Amino acid sequence: MKVSSRLASLFVSALSQSMPVELMQKVARMVIQNYDIYERSGFPPAIPIPRADAARHILKDFMAEGYFLKLIEALIEVTSRGNMGREVRMPLLTRIIAEVEDQGYHYSAANGIFVEAGGRERTMGWGTLREGRTYEFALLRADIVGNSEMVRRYPRAVISEAYASVREMVTRLVERRDGRIWGWEGDGGLAAFYFLDKTIQATLCGMEIVHELFIYNLLGRTLPEPLRVRLAVHAGPCRFLSSVKESSGDTIKRVELLEARFTQPCCLTVSPGVFTDLGSKLSPLFAAVSGPENSTVYRYALGWEKR
Amino acid sequence: MKAVVFTRAPRDVQRLPMFKGRAAREIEIRPMADLRKSLASLAEAPLVCLDVRGLAEKERTRLLSMISTHQQLRFCVLDPAGAIKDVAAVFHAGAIDYLGKGVTGKALTAKRRAAAQAFAERLGLGPVTGKATDNAADAPQPAADAWAGIEQGREYTFAFLLIEVDDAEELKKRHEPANLAAAMETFREFVERIVCQHGGRLWMWSRFGGLVLFPLREQGSLAPLCALRILLSSVFYDIEESLLPGRLSFRMALSIGSTIYREADTGRIVSDAVNSIFHLGRRFARPGQFMITSEAHEMVPQPMRGLFVPVGTFEGRRILRMLRPSSALGMREGVDAWST
């Protein structure tokens with residue numbers, strides 16, 4: 001995020017007017033462990049740093065390392081929870097937040113982080129994740145069944161149109177639940193969910209895709225035959241890389257395996273870890289089936305009562 | 001309906017009760033500074049919402065005038081502080097709604113949004129884009145003028161969709177009246193949201209359900225698709241919106257008939273078609289079922305007709321029933337895959 005001179009000056013004023021240097025350092029260490037203002041600024045530890053100088057150094061360091069938003073998040077946390085049982089007041093913080101939000105972010109109180117606002121172009125990391133860092137995600141994998149045969153059977157333009165419809169549908173349903181499409185290549189892709197209830201959101205999204213695909217195949221399809229999609233959800237740690245092609249790791253491999261080997265067409269499979277999060281209203285809709293390495297995975301299919 | 005809110009205080013907008021919960025997904029917040037450059041590119045936005053907090057009167061007038069020059073847009077004014085004294089002036093400037101102090105403090109209902117759209121249609125303000133959130137993007141959209149030209153006091157042919165919660169008496173015994181009323185309000189909002197996306201309107205609605213109207217046009221009506229979507233989406237309603245502990249069972253019935261259309265005082269309407277749909281829903285349909293008359297079945301898109309099975313006659317008409325999806329049955333697995 002680009003920090004404007006107005007925001008920078010507001011930040012320095014806010015910090016220097018509201019807290020001693022020790023507390024500034026403590027807040028800074030919430031983001032960068034072992035952050036040492038004396039070491040960074042070159043001030044001898046024996047000489048007290050003026051508050052404004054300390055604030056300016058912290059700003060410079062955090063901007064250089066790309067942690068400015070994280071620092072504001074830490075300030076919000078400290079001002080809302082207090083420090084060692086004492087209230088920390090920072091009257092200018094509201095204006096800082098407003099300035100950040102004017103740059104296309106909004107503060108998600110539920111998650112305690114800034115994320116990109118709706119009007120902004122959606123990025124794979126919600127505007128808040130850092131490249132190369134590992135986070136917990138719920139991943140939803142979607143794949144159109146029988147791609148090779150269909151490509152041979154129908155003209156390229158016809159196939160492209162049909163696949164584009166599926167991609168548009170999946171993207172719309174994923175983004176409606178604050179997920180992000182991480183990658184899509186012709187016949188399938190990977191979506192990620194990061195926030196609260198991520199496993200539930202990914203699962204509900206998968207179920208919605210199953211339903212919408214049913215309606216699409218019934219009333220809106222452009223090919224003579226229905227498009228069938230396999231869907232799988234798995235959650236776990238994953239390194240965030242904006243180039244999904246370079247991403248690998250166990251969680252991605254696992255969701256790909258679930259989708260490719262243990263999912264029937266037009267069905268959604270969730271891993272055991274995801275299933276345990278589903279709750280009493282959702283879990284009865286899933287059937288236990290055999291999974292990898294003698295494990296049990298859970299399947300959702302839209303079926304209809306017998307005639 | 002997706003609304004784009006222009007504001008100087010994005011955080012304050014998010015905190016408004018009217019934009020909490022599901023409504024939060026239906027708005028997009030943009031900084032006021034982007035208003036001018038955004039207007040031209042917003043041709044497809046169903047609604048522009050101008051937050052007038054912090055705007056001096058002169059500035060407010062200038063911005064309203066700027067928006068109103070973009071005739072492809074519909075816009076409303078958000079005034080949670082009640083700063084505007086002359087509310088009528090907002091409408092004179094071309095706004096279709098005014099969201100003042102009394103409205104922003106509670107959830108914005110689909111009914112309110114539909115009323116604003118209907119108002120715009122009556123005045124011929126801006127196009128109905130039909131673009132909506134949720135599942136509507138894939139749905140064939142109703143004709144832009146589905147409700148245009150329908151006047152109060154005149155008789156029209158409609159598709160009637162009756163939706164009623166099952167076991168109302170049992171629910172009354174098990175839940176506090178206030179809690180039950182709040183729960184039923186969420187159900188009404190769920191139904192209304194999907195109905196609006198398919199060109200229908202809640203017409204007569206009591207606590208546990210009511211009647212939805214869909215104007216019939218040459219291309220038919222989206223009523224059957226609407227009912228299918230309500231049925232399929234009910235699982236998401238139960239999980240995400242319902243205030244009741246278990247699954248909420250409801251029944252539906254669809255028929256075609258004529259009635260005099262009136263927006264208020266519907267209790268005085270005498271109509272065979274209205275009586276008949278209530279009879280079909282209440283006396284013939286069983287809990288969780290969706291019944292349809294053979295006349296209404298003829299307007300069902302061909303590929304969807306196979307989802308219905310004949311179940312006999314009622315009051316001299318052939319009736320069909322829609323098969324129930326596994327999600328609505330609460331089953332782990334559908335017992336019969338539907339081949340498309």
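Owing to the predicted nature of the structure, the values given are computational and were not obtained by experimental measurement. In what follows, chains are A, B, ... by sequence order, proteins preceding strands, each numbered from 1. Only this structure's heavy atoms are used, side chains among them; waters, hydrogens and symmetry mates stay out.
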Kindly give the heavy-atom pair with the smallest separation between [X] and [Y], and that separation in Å.
| X | Y | value |
| --- | --- | --- |
| A:K281 | B:P245 | CE-O, 2.8 Å |
| B:R229 | A:I215 | CG-CD1, 3.8 Å |
| B:V235 | A:H211 | CG1-CE1, 3.9 Å |
| B:L228 | A:W304 | CD1-CH2, 3.8 Å |
| B:P31 | A:D102 | CG-O, 3.7 Å |

Exercise. Does the distance from a Lys or Arg side-chain N to an Asp or Glu carboxylate O, for B:R8 and A:E101, drop under 4.0 Å?
Worked result: no

From [X] [atom1] over to [Y] [atom2], what is the distance, rounded to the nearest 0.5 angstrom?
| X | Y | atom1 | atom2 | result |
| --- | --- | --- | --- | --- |
| A:L218 | B:Q302 | CG | CD | 11.0 Å |
| A:L219 | B:L222 | CG | CG | 10.0 Å |
| B:S233 | A:M207 | OG | CE | 10.5 Å |

Problem set entry | Sole candidate of A:D197, A:L282, A:I200, A:L204 that passes side-chain contact (heavy atoms from CB on, under 4.5 Å) when paired with B:E240 | A:L204

For this session: Determine whether more than 12 heavy atoms belonging to other residues, nucleotides or ligands lie under 6.0 Å from atom CZ of A:R153.
Result: yes

Problem set entry | A:R228 atom CZ: more than 12 heavy-atom contacts under 6.0 Å | no

Exercise. So, A:E305 side chain and B:R324 main chain: donor-acceptor pair closer than 3.5 Å or not?
Worked result: yes

Exercise. Donor-acceptor pair, B:S326 side chain versus A:A301 backbone, under 3.5 Å?
Worked result: yes

Exercise. Side chains of B:I29 and A:H106: closer than 4.5 Å at any heavy-atom pair?
Worked result: no

